[in-house]
Amino acid sequence: MALHGEVSMSWLNAVNGDPLAWLLEPDSVNPGVRSFALRDLLDRPADDAEVVAAQTAAMRSGPVPAILDAQHPDGYWQKPGGGYGKYRGTAWQIIFLGELGADPGDERVQRGCEYLLNHTIAANGGFACSNTTPVPSSVVHCLNGNLLASLIRLGRLDDPRVQQALAWQACAITGEEPIRYYQSGTSGPAFACAVNAGQPCAWGATKAMKALADVPPAQRTSLIQQAIEQGVQLLLRYHLVSADYPFTGKISSAWFKLGFPLSYWSDVLETLSVLVALGYGRDPRLAEAYQWLMSKQDQQGRWKLENTVNGKMWVDIERRGKPSKWITLRALRVVKAIEAAPISI
C-alpha cells in the first residue's frame with residue numbers, strides 16, 4: 001500500500017498480516033480510527049490534508065456526533081450538576097470525547113468542557129466523583145486522571161482550572177506539597193485509595209500517568225516529573241501480567257480483558273501504553289507484558305474487544321468478541337513504540 005512507504009514501517013513486521021490497511025480504510029462507523037492511525041502510526045502532521053479530512057469525518061458520523069447529539073444546550077449531559085452518572089453523565093462524555101478524538105475546535109465540545117470545569121472541580125482543585133456539589137473527599141486518581149487526559153487532548157491544558165487539577169494530581173501522589181487526604185477517597189500519597197482499602201491503586205496510577213504523560217515534556221514542572229517517576233516505579237515494581245499489585249480480595253478480571261473505552265478500571269494494554277509513552281518500552285520488566293499482548297492478535301494482526309460498557313453509554317462502540325479497530329490501534333501504537341525504539345547498550 002502506498003501509504004506504508006511514507007515512513008519506516010519495519011516495526012510492522014512484528015505483527016501478523018497487514019492490520020494497518022484495515023485501520024486506514026474509510027469507515028463511517030468508527031471514522032476516528034483513521035485519523036489516529038494517520039497521525040500515530042504513519043507520523044502524519046495534524047495539518048496534513050488526509051488527517052484533517054479524517055478528523056472532519058469523525059465529527060460527522062460514528063460515536064462522536066451521537067454523543068454530542070445527546071448534549072443539553074447548556075453544555076451538560078443527562079442532568080445538570082457534577083455529572084458523574086455512569087456512563088451518560090457529563091464527566092464520562094468528556095472522557096469519551098477525548099478518547100474518541102473529538103475535534104477540540106468544535107463549539108459543542110468546548111461547551112461541554114466549560115460546563116464540566118464549572119461544576120465538577122472540588123475545593124482542593126481535583127475533579128470530584130459527584131452528581132451534586134463536588135466535595136474534596138470524593139476526588140480520586142482514576143477519575144481525575146481520566147478527565148485530565150481528555151481535557152488536555154481537547155485543548156484545555158492551559159486552562160487555570162486544568163492546571164489546578166494537575167497540581168492536585170501531582171501533590172496527591174508525591175505528598176511533597178501540603179494536601180489533605182480522606183478515609184473515603186484518596187487516603188494517602190503514592191496512590192493510596194480507600195476503594196482499595198487504603199493501599200496503592202494500580203488503576204489509579206495508570207490513569208494518573210496517562211494524564212501526566214499527555215503534558216508536553218517542556219511543560220512538566222519538577223513536581224509533575226517527580227509524580228511521574230513515582231507512578232512508573234509503582235507500575236513497574238509489580239508483575240504486570242499477573243497483576244500482583246496491592247489489592248484486597250480477588251484480582252479483577254477486567255485487567256486481562258482488552259477494552260475500549262475504559263472506565264475507572266484499567267487493563268494490561270492501557271498500562272503498557274502509558275509506560276511506553278513515558279519512554280519505558282525497552283524496559284525488560286515490560287517484556288512479558290509485551291509478549292502477552294502480541295499473543296492475543298489474530299492471523300490478520302487484529303485484536304478483539306473483550307471488555308465494554310456498551311448498553312450503558314449514549315452509543316455503542318464496536319462489538320464484544322469481534323476484531324476491534326480501537327483495540328488494534330492502541331496495540332499497534334505499543335508495537336511501533338517498542339519495535340522502533342533504540343536498544344540500550
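Treat the numbers as computed from the prediction; the structure is a model and nothing was measured.
Residues in residues 42-71 take part in no ring pair (Phe, Tyr, Trp, His ring centres under 6.0 Å) pair, two or more places apart or across chains. Sequence neighbours left out, the pairs with a member in residues 135-159 that pass ring pair (Phe, Tyr, Trp, His ring centres under 6.0 Å) are H141-W168, H141-F191. Sorted by first then second residue, the salt bridge (charged side-chain N to carboxylate O under 4.0 Å, His left out) pairs that include residues 283-295, not counting sequence neighbours, are D283-R285. Note on residues 103-132: pairs passing ring pair (Phe, Tyr, Trp, His ring centres under 6.0 Å), not counting sequence neighbours, are Y76-Y115, Y115-H119. The list of salt bridge (charged side-chain N to carboxylate O under 4.0 Å, His left out) pairs with a residue in residues 166-190, not counting sequence neighbours, is empty.
Residues satisfying the salt bridge (Lys or Arg N to Asp or Glu O under 4.0 Å) criterion with R220, sequence neighbours excluded, are absent altogether. Residues passing the ring-ring contact (aromatic ring centres under 6.0 Å, His included) test with Y182, sequence neighbours excluded: none. Applying the salt bridge (Lys or Arg N to Asp or Glu O under 4.0 Å) rule to K296 yields the partners E306; only residues at least two apart in sequence or on another chain are considered. The side-chain contact (heavy atoms from CB on, under 4.5 Å) check on P45 picks up D47, D48, with sequence neighbours excluded. The salt bridge (Lys or Arg N to Asp or Glu O under 4.0 Å) test applied to K336 returns D43, not counting sequence neighbours. Listed by chain and residue number, nothing satisfies the salt bridge (Lys or Arg N to Asp or Glu O under 4.0 Å) test with D298 (two or more places apart in sequence, or in another chain).
Ring geometry for W255 versus Y245: interplanar angle over 60°, hence perpendicular rather than tilted (30 to 60°).
Inter-residue side-chain proximity for H72 and R111 is flagged as unmet; no heavy-atom pair is nearer than 4.5 Å.
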Output a table of donor-acceptor pairs, distance under 3.5 Å, between side-chain atoms of residues 209-216 and any protein atom two or more places apart or on a different chain; print 'none' if there are none.
| residue | atom | partner | partner atom | Å |
| --- | --- | --- | --- | --- |
| K210 | NZ | E99 | OE2 | 2.9 |
| K210 | NZ | N146 | OD1 | 2.9 |
| K210 | NZ | E270 | OE2 | 3.2 |
| D214 | OD2 | R153 | NE | 2.8 |
| D214 | OD2 | R153 | NH2 | 3.2 |

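A salt bridge is defined here as a Lys NZ or Arg NE, NH1 or NH2 lying under 4.0 Å from an Asp or Glu carboxylate O, and K322 with E318 fails to meet this definition.
To the nearest 0.5 Å, the span separating CD1 on I317 from CZ on F260 amounts to 5.5 Å. Of the inter-residue distances, the one linking N144 atom CG with L147 atom CG reads 7.0 Å to the nearest 0.5 angstrom. Annotation: the span from L240 atom CG to L293 atom CG amounts to 10.0 Å, rounded to 0.5 Å.
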